[in-house]
S.K.: 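Please find one structure pasted underneath; my questions will follow.
Predicted, not measured: the structure shown is a model, and the values here were computed from it. Worth knowing before you read on, the calculation uses all heavy atoms, side chains too, and leaves out hydrogens, waters and symmetry mates. Order of the sequence lines fixes the chain letters, A, B, ..., with proteins taken first and strands second; residue numbering starts at 1 for each chain.
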There are 2 protein chains.
Amino acid sequence: MKASRDVPNALLESLKSLGLTKYEALVYIGLLRTAGATATEVHEISGVPRASVYPVLDRLVQKELVSVSHTTPKRFDAVPPDQGVENLMRRIESDAQSARTALDALYREKGPGGRGDQELIWTIYGEENIRTRLAGMFRSAERSVEVLATWDLLRESMLKLLDPVPDSVPVDLVTERWEGEQPSRFRLHVLPLAVLQEIRFPADKLLPYERSGVFLVDDARALLWMEGIDGQPSALYSESAGLVLFVRRHITTVTEWARATVQ
Amino acid sequence: MKASRDVPNALLESLKSLGLTKYEALVYIGLLRTAGATATEVHEISGVPRASVYPVLDRLVQKELVSVSHTTPKRFDAVPPDQGVENLMRRIESDAQSARTALDALYREKGPGGRGDQELIWTIYGEENIRTRLAGMFRSAERSVEVLATWDLLRESMLKLLDPVPDSVPVDLVTERWEGEQPSRFRLHVLPLAVLQEIRFPADKLLPYERSGVFLVDDARALLWMEGIDGQPSALYSESAGLVLFVRRHITTVTEWARATVQ
DNA sequence: ACCTTGTTGTTATTGTAGCAACAACATTTA
DNA sequence: TAAATGTTGTTGCTACAATAACAACAAGGT
């Protein structure tokens, strides 16, 4: 009676990242389909060696995922899945909380400046991280904000990020199309640029150029939003004169060239 | 220059349960206090062997906890703690979600009854698990609900748990005192029982008997809420005739005896 | 030019800890 | 006795931890 051969591997991985070992996951899954099983039954159902079942069950009880009967032999039962996962998450959430505060304390120790940024080009991975960086750039804008990005990217949440830009700072948006009403807050330039829609790479391989953008603040800080074919967004950020100048030229060039072509 | 000897061990454990290894945690912590460090500097600050720093940094970049510069030598920077933890939690949360649904599917496969409960005495660990069990008991009540518990326990959230009891079912509450207005929904018996307040164990060692209670539903299902000295709540649940009878007697005995004594 | 010095990035090797797997044994129950 | 339960100890395995060694490259001095 080994009915547990069909345990999806993805499920095991998920449970592992919640702090369970392979055996713990297998035993818990096994117990979910068999109420009140003895240790030997657990062994049969889960495929875990009988001798290993005892320490594993101990750990699961400790983690509040199974309950034990007071009979001999002992019988075991699993708590319902949603609640079991909840119990695991509670621990992790608590760890996350204490880690957050402890790390924050360390983080604030160091002065914010730390010459770290100047003259360096940083790659940032993960959409969240990029957004955070952009929010910081916009918030600290003092003289100018220029954005050259595909509508796909703008629409999603870029516009919300632009809210904290001080009122005194002019904002230039360049994109290839615009849906919805035109915002009065920004200087909007809608240019149906082919460059922004698709590009052909090596020869005839059509490369979708979906979400990408270039952001320049105060002519001093630049961010390039890229997106690989895998869809994983990454970005370059820099305050170096070189990259800033490049971006400066890129934006003006595209704008000029597109204006000439279109009209 | 080894300024990292004072890394709290608890913090390392917390980060480990968020999916980081010891080295990953040390490197991330080190980077939090030093913006734009080279691999060698990371090695010096974190105490991690220089050769091990490279694979560790790779993993941290993959996990969206650090960003890389494009200079030579490469320079590394940590994302702010709250956001970093957020990035880690996002993965875990997603795993938890998929695990929940996958497990739920398995769980519903088996018929609910499965003779598992009868004649067995279960120990349940963890306050959440006990509450859930109680909620299930109350929801399925058909003839009677009897509760004998300290006010401390009742007040906290027991009253909310009693909401789903069908209106046709009488509910008896016995406790040692009552604060706030008396509920009309229940038959309330306030008995200033010394038993419920403190008991003396072996000889003169005063044992605080803070939160404990006995719950009986339909004269068929009983739960004993216990709480060790460590404050970790646990409970016994059973549908066995033996334990149910014991609880039945306990409640009536205490009630009778207290009534006789008090008046 | 040459050689030295130091740093960066990479690879290989060894050690270690926690989990996985099995064998063997003591204990209970029928 | 036989069968099943619960426990113990040993061994193997895998991921991580730790050290050593190496090639590539850039100063800097002679």
Side-chain angles (χ1 to χ4, degrees), chain A residues 1-2 4-5 7 9 12-13 15-31 34 36-63 65-66 68-77 120-121 123, chain B residues 1-2 4-5 7 9 12-31 34 36-63 65-66 68-77 119-121 123:
Chain A
M1 186 198 290
K2 39 182 65 182
S4 73
R5 204 43 48 85
V7 174
N9 207 303
L12 287 184
E13 288 306 313
L15 288 176
K16 271 201 230 175
S17 92
L18 294 182
L20 297 190
T21 71
K22 187 181 170 188
Y23 277 6
E24 289 167 352
L26 285 175
V27 166
Y28 180 62
I29 293 174
L31 270 179
T34 312
T38 69
T40 315
E41 286 172 323
V42 169
H43 147 65
E44 290 167 344
I45 296 166
S46 64
V48 171
R50 197 178 62 85
S52 304
V53 143
Y54 295 94
V56 168
L57 281 172
D58 286 346
R59 281 178 264 161
L60 285 177
V61 169
Q62 193 63 26
K63 290 175 182 170
L65 283 179
V66 312
V68 203
S69 85
H70 273 184
T71 57
T72 54
K74 290 181 187 172
R75 289 185 172 270
F76 302 88
D77 200 359
L120 294 180
I121 302 180
T123 60
Chain B
M1 186 195 290
K2 38 183 63 179
S4 74
R5 202 44 47 85
V7 175
N9 206 304
L12 287 184
E13 287 308 312
S14 295
L15 288 176
K16 270 201 231 177
S17 92
L18 294 183
L20 297 191
T21 71
K22 186 182 171 188
Y23 277 5
E24 289 168 351
L26 286 175
V27 166
Y28 180 63
I29 293 174
L31 270 178
T34 312
T38 68
T40 313
E41 287 172 323
V42 169
H43 148 64
E44 290 167 343
I45 296 165
S46 65
V48 172
R50 198 178 64 87
S52 304
V53 145
Y54 294 93
V56 168
L57 281 171
D58 286 346
R59 281 178 262 160
L60 285 177
V61 169
Q62 195 61 29
K63 289 175 181 170
L65 285 179
V66 310
V68 205
S69 84
H70 272 184
T71 57
T72 53
K74 289 182 187 171
R75 289 185 172 270
F76 301 88
D77 201 358
E119 289 306 317
L120 294 182
I121 302 180
T123 60

S.K.: What distance do B/Leu18 atom CG and B/Glu24 atom CD have between them, rounded to the nearest 0.5 Å?
M.R.: 11.5 Å
S.K.: Output yes when at least one side-chain N/O atom of B/Tyr54 is less than 4.0 Å from OP1 or OP2 of C/dG9, else no.
M.R.: yes
S.K.: If each of B/Arg59 and A/Ala39 is mapped to the nucleotide of DNA chain D with the nearest heavy atom, which maps nearer the 5' terminus, i.e. the 5' end?
M.R.: A/Ala39
S.K.: Quick check for you: to the nearest 0.5 Å, what is the distance between B/Lys22 atom NZ and B/Glu13 atom CD?
M.R.: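 Answer rounded to 0.5 Å: 10.0 Å.
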S.K.: With no hydrogens and no angle check, is any side-chain donor or acceptor of A/Lys63 less than 3.5 Å from a backbone partner on A/Leu20?
M.R.: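 Pair absent, no side-chain N/O of A/Lys63 close to backbone of A/Leu20.
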S.K.: In whole angstrom, give the distance that lies between atom CZ of A/Phe76 and atom P of D/dT5.
M.R.: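 After rounding, the gap between these two atoms is 11 Å.
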S.K.: Separation of B/Leu57 atom CG from D/dA17 atom P, in whole Å?
M.R.: 13 Å
S.K.: What is the distance, rounded to the nearest whole Å, between atom CD of A/Glu44 and atom P of D/dA4?
M.R.: 9 Å
S.K.: Of A/Lys22 and A/Arg50, whose closest DNA chain C nucleotide lies nearer the 5' terminus?
M.R.: A/Lys22
S.K.: Identify the residue among B/Asp77, B/Leu65, B/Leu57 that makes a side chain to side chain contact (heavy atoms under 4.5 Å, CB included) with B/Leu31.
M.R.: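 The option that passes is B/Leu57.
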S.K.: D/dA3 C1' sits how many Å from A/His43 NE2, rounded?
M.R.: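 Going from NE2 in A/His43 over to C1' in D/dA3 covers 14 Å.
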S.K.: Remember a base hit wins even if backbone is also touched, and classify B/Pro73 as base, sugar-phosphate or nothing at under 4.0 Å, heavy atoms.
M.R.: sugar-phosphate
S.K.: To the nearest angstrom, how far is A/Leu15 atom CG from C/dC19 atom P?
M.R.: 16 Å
S.K.: In whole Å, I'd like the distance from the CG atom of A/Leu12 to the P atom of C/dC19.
M.R.: 16 Å
S.K.: About how many Å separate CG of B/Leu12 and CG of B/Leu26, when rounded to the nearest 0.5 Å?
M.R.: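 B/Leu26 CG to B/Leu12 CG: 5.5 Å, rounded to 0.5 Å.
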S.K.: Using a 4.0 Å heavy-atom cut-off across all strands, classify B/Thr21 as base, sugar-phosphate, or nothing.
M.R.: sugar-phosphate
S.K.: Just how far, in rounded Å, is P of C/dG18 from NZ of A/Lys16?
M.R.: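 After rounding, the gap between these two atoms is 17 Å.
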S.K.: Whole angstroms only, please: what is the CD-P distance between B/Glu41 and C/dG6?
M.R.: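 Computing the B/Glu41:CD to C/dG6:P distance gives 18 Å.
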S.K.: Between A/Ala51 and B/Ser52, just flag the one whose closest nucleotide in DNA chain C comes earlier from the 5' side.
M.R.: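 Of the two residues, B/Ser52 wins.
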